[in-house]
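Presented below is the structure to which this report refers.
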Amino acid sequence: MSMTVNQRIEVLREVMRRESLDAFIFPSTDPHQGEYVPDHWKGREWISGFDGSAGTAVVTMNEAALWTDSRYFIAAAEQLKGTEFVLMKERVSGTPTITQWLGEVLRNIRSPQVGIDGMVSSTAEVEELISGLRHEGGITLRTNFDPLTIIWKDRPAIPQNPVFIQPLEYAGEACHEKISRVRRALRQKHADGMLVASLDDIAWMLNLRGSDVHCNPVFVSYLLISSTKVTLFIDKKKLSSSVLAYLNDEGVDVDDYDRVKEGLKDYFEYNILLDPHEVNYTLYNIVRREIVREESPVKRMKTVKNESEVLGFRNAMLKDGIALVKFLKWLRPAVEAGGQTEISVSEKLENLRAEQSLYKGLSFDTIAGYQEHGAIVHYEATPDTDAPLKSEGFLLLDSGAQYVDGTTDVTRTIALGPVTEEQRHIYTLVLKGHLQLQNLKFPSGASGTQLDLAARKDLWREGLNYMHGTGHGVGAFLNVHEGPHQIRMEYKPAPMVAGMTVTDEPGIYLEGKFGVRTENTLLVVPYQETAFGTFLQFEPLTLCPIDKSAIDISLMTDEEIGWLDEYHQMVYDRLSPYLDEEERKWLAVQCEEIGKSL
């Protein structure tokens, strides 16, 4: 019989007493700092019961608290009910930081000691914790102990799924060519080598894919690069003879995953580049060579797509668009007929995508939120919450797929029938923000923070805002969230350059009522050269009609109406050759000029 959350806390505290620890911190990360992690490293979820992708749990001898961001406030409050954990709302006025909170609750303890597993925490995060705890009164941080190895009796094993080769026709650049480019970038940073810990960076560099992380085609491993040698640290059971032969041909050696510490100790070059936001604290401190503390050059290389990757995106979006049109044509009549729920329509869409060539699975778990569930930003229906759909109000549907030639991510808010004036008003404001960003022209090198205003200005004018980012990069048959470039309010200095993919997804969420979000995936492309430099623009890659029935046309400018008509004409032109006559007729109505259809 499995333990309750409160029983797990008590077992943890017994271990903490033996180890003379006054508190223990459980982040959401794994040894590779991935956003989504294999079950083996879901320690924060196991100890707290909260299953969101972001959050940190902290347990002391007398208290427990969990920090998470605005995406999960509603879900976390529900999941933490009946446990000792108190919800701490990050970036909300009055919420203490983890170090401030620990300073307060441990203030009467002499020489307090806090623990965190240094293998699952980035160097930068641990260093920030050390500094913060020192500031709070000399609290010591211990990083060499993982209590989960003792108390998590049925802990899942590290995945051992097979690795497969990503064909060159989709990758567009051979593995050895990428390694050469990375070495050139390292020389520019005066580094002899580097440790690559990010799983999507490793998969991209080696032109390999796997299935160790849910919805993300990556595999658990490390890659150590020197001036003369490249070593992949991985469980060799994952590698077939053909993959081993391929790696050998590309000049990549293979060693056991758990020997990465020995590999770093034996590293022979003068110095090594370690990205403190990517390499965990334990491995960082094993190195006995001079450390070049810089961002990994692989990240920015990966975000700029080559011609083959761009073509792959276009093909993947075409297939995705076909599936979405078939789904949307089916949806309203199916809801009118009765019996449809959030889960059933998610499964219908997944089945239609699975009919497309080169389909490999979802790129993230589908968010299908009807009415008030749409206000929960990262809502995922369960059998207990699965709402029946009615022919009224909004269904917010955020979904995506993995195809061998590309990754998709799209959100549509669909009016299943009559909507309120408030819903119509909010829907139109969000659409205006989406169109303003999608059609923006901007200088090359501008950061996403500088572009973010375009999506928010009409919302801000009415005192509305959303707390998530407006856009994130998308991988080429890789992780659906890719950085370092982002479009968001918080300052992110990573520049936008031609060849990047990024989403455009403003939204507004009214708790207990409804949510609205509209999202396309965009490609950054050249606009024009002037005396003031290179200017860029966005090309929408997503091919899916935007519901016009909920628009308040009086709020839209002529320019915005023209942009929407232009987008819909492109959608129809691209998709109609692949649809049957009935589907084409339906799509033609959805893509009519807005003045004709409203």
Side-chain angles (χ1 to χ4, degrees), residues 1-12 15-16 23-59 64-69 71-72 75-85 87-88 90 98 115-122 125-126 143 145-161 197-200 210-222 235 257-258 278 280-282 361-367 378-380 382 479-481:
M1 184 175 176
S2 62
M3 293 186 288
T4 66
V5 167
N6 288 341
Q7 287 171 332
R8 292 170 185 175
I9 292 171
E10 284 309 310
V11 172
L12 169 65
V15 174
M16 286 165 58
F24 204 89
I25 300 171
F26 297 90
S28 299
T29 48
D30 63 11
H32 306 275
Q33 308 311 306
E35 179 184 9
Y36 301 102
V37 305
D39 290 347
H40 178 81
W41 286 293
K42 290 184 178 178
R44 186 266 298 150
E45 179 178 332
W46 184 83
I47 197 68
S48 69
F50 168 61
D51 63 5
S53 65
T56 304
V58 185
V59 178
L66 182 131
W67 281 256
T68 192
D69 62 44
R71 295 173 297 169
Y72 296 111
E78 184 65 31
Q79 292 179 3
L80 297 180
K81 281 181 181 176
T83 75
E84 283 192 44
F85 280 98
L87 175 60
M88 296 290 186
E90 288 179 348
I98 290 172
I116 191 170
D117 180 6
M119 275 297 290
V120 300
S121 307
S122 77
E125 288 168 345
V126 173
T143 62
F145 177 63
D146 176 14
L148 294 173
T149 59
I150 300 171
I151 63 177
W152 194 355
K153 300 298 184 184
D154 55 350
R155 186 175 189 174
I158 297 173
Q160 295 184 340
N161 301 321
S198 174
L199 300 186
D200 57 329
S211 59
D212 283 352
V213 179
H214 180 58
C215 293
N216 296 312
V218 297
F219 47 93
V220 174
S221 58
Y222 293 97
D235 186 333
Y257 176 71
D258 56 9
E278 177 181 317
N280 67 59
Y281 186 76
T282 298
L362 299 178
S363 57
F364 56 95
D365 290 319
T366 299
I367 298 168
H378 274 209
Y379 172 76
E380 185 181 339
T382 68
N479 296 1
V480 75
H481 290 166

For this session: Test side chain to side chain contact (heavy atoms under 4.5 Å, CB included) on F26 and D117 and set out the steps.
Result: CA-CA 8 Å; F26 297 90; D117 180 6; over 6 Å; no
Exercise. Does the side chain to side chain contact (heavy atoms under 4.5 Å, CB included) test come out yes or no for I9 and F85, once each step is laid out?
Worked result: CA-CA 10 Å; I9 292 171; F85 280 98; 3.6 Å; yes
Exercise. Which is it for R155 and W41 under the side chain to side chain contact (heavy atoms under 4.5 Å, CB included) test, yes or no, and what are the steps along the way?
Worked result: CA-CA 9 Å; R155 186 175 189 174; W41 286 293; 3.8 Å; yes
Problem set entry | Residue pair D365, H214: steps toward the side chain to side chain contact (heavy atoms under 4.5 Å, CB included) verdict | CA-CA 9 Å; D365 290 319; H214 180 58; 2.8 Å; yes
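At least one side-chain heavy atom of P31 sits less than 4.5 Å from a side-chain heavy atom of Y257. With a 4.5 Å cut-off on side-chain heavy atoms, S48 and T83 do not count as touching. For the pair V15 and F24, the minimum side-chain heavy-atom distance is 4.5 Å or more. Considering only heavy atoms from C-beta on, S53 comes within 4.5 Å of Y72 through its side chain.
Here I25 contributes atom CD1 and I47 contributes atom CD1; the two are 13.5 Å apart, rounded to the nearest 0.5 Å. Separating the CG atom in D69 from the NE2 atom in H378 is a distance of 8.0 Å, to the nearest 0.5 Å. For the atom pair M119 CE and D146 CG, the distance stands at 10.0 Å (nearest 0.5 Å). Note that the CG atom of D200 and the CG atom of N216 stand 8.0 Å from one another [nearest 0.5 Å].
Using bins of under 30°, 30° to 60° and over 60° for the plane-to-plane angle, the ring pair Y222/H32 lands in the tilted bin.
Listed here is the closest heavy atom pair of Q7 and M3: OE1-CA, 3.3 Å. Nearest heavy atoms, T366 versus E380: O-CG, 4.3 Å. Across V213 and V37, no two heavy atoms sit closer than the pair CG1-N, 4.2 Å. The two residues S121 and V126 make their nearest non-hydrogen contact at CB-CG2, 3.5 Å. The minimum heavy-atom distance linking R8 with W46 is given by the pair NH1-O, 2.7 Å. A pairwise comparison of heavy atoms in W152 and D39 identifies CH2-O, 3.4 Å as the closest pair.
No donor-acceptor pair closer than 3.5 Å links the side chain of D235 to the backbone N or O of Q160. The closest donor-acceptor contact from the side chain of S28 to the backbone of G55 lies under 3.5 Å. Remark: side-chain polar atoms of N161 are paired, donor with acceptor, to backbone N or O of S211 under 3.5 angstrom. Side chain of E278 to main chain of S198: a donor-acceptor pair is present (N/O by atom type, distance under 3.5 Å, no hydrogens or angles). Side chain of R44 to main chain of F50: a donor-acceptor pair is present (N/O by atom type, distance under 3.5 Å, no hydrogens or angles). Checked by atom type and distance alone, the side chain of Q79 pairs as donor or acceptor with a backbone atom of D51 at under 3.5 Å. Remark: side-chain polar atoms of T282 are paired, donor with acceptor, to backbone N or O of G118 under 3.5 angstrom. Side-chain atoms of N6 come within 3.5 Å of backbone atoms of G82 as a donor-acceptor pair (strictly under, hydrogens ignored). Under the 3.5 Å distance criterion, the side-chain polar atoms of T68 are matched with a main-chain donor or acceptor of A54. Here the side chain of D212 pairs a donor or acceptor atom with the backbone of V220 at under 3.5 angstrom.
When the options L148, I150, I151 are evaluated for a side chain to side chain contact (heavy atoms under 4.5 Å, CB included) with L12, the one that passes is I151.
Residues H40 and D30 have side chains that never bring a donor and an acceptor to within less than 3.5 angstrom of each other.
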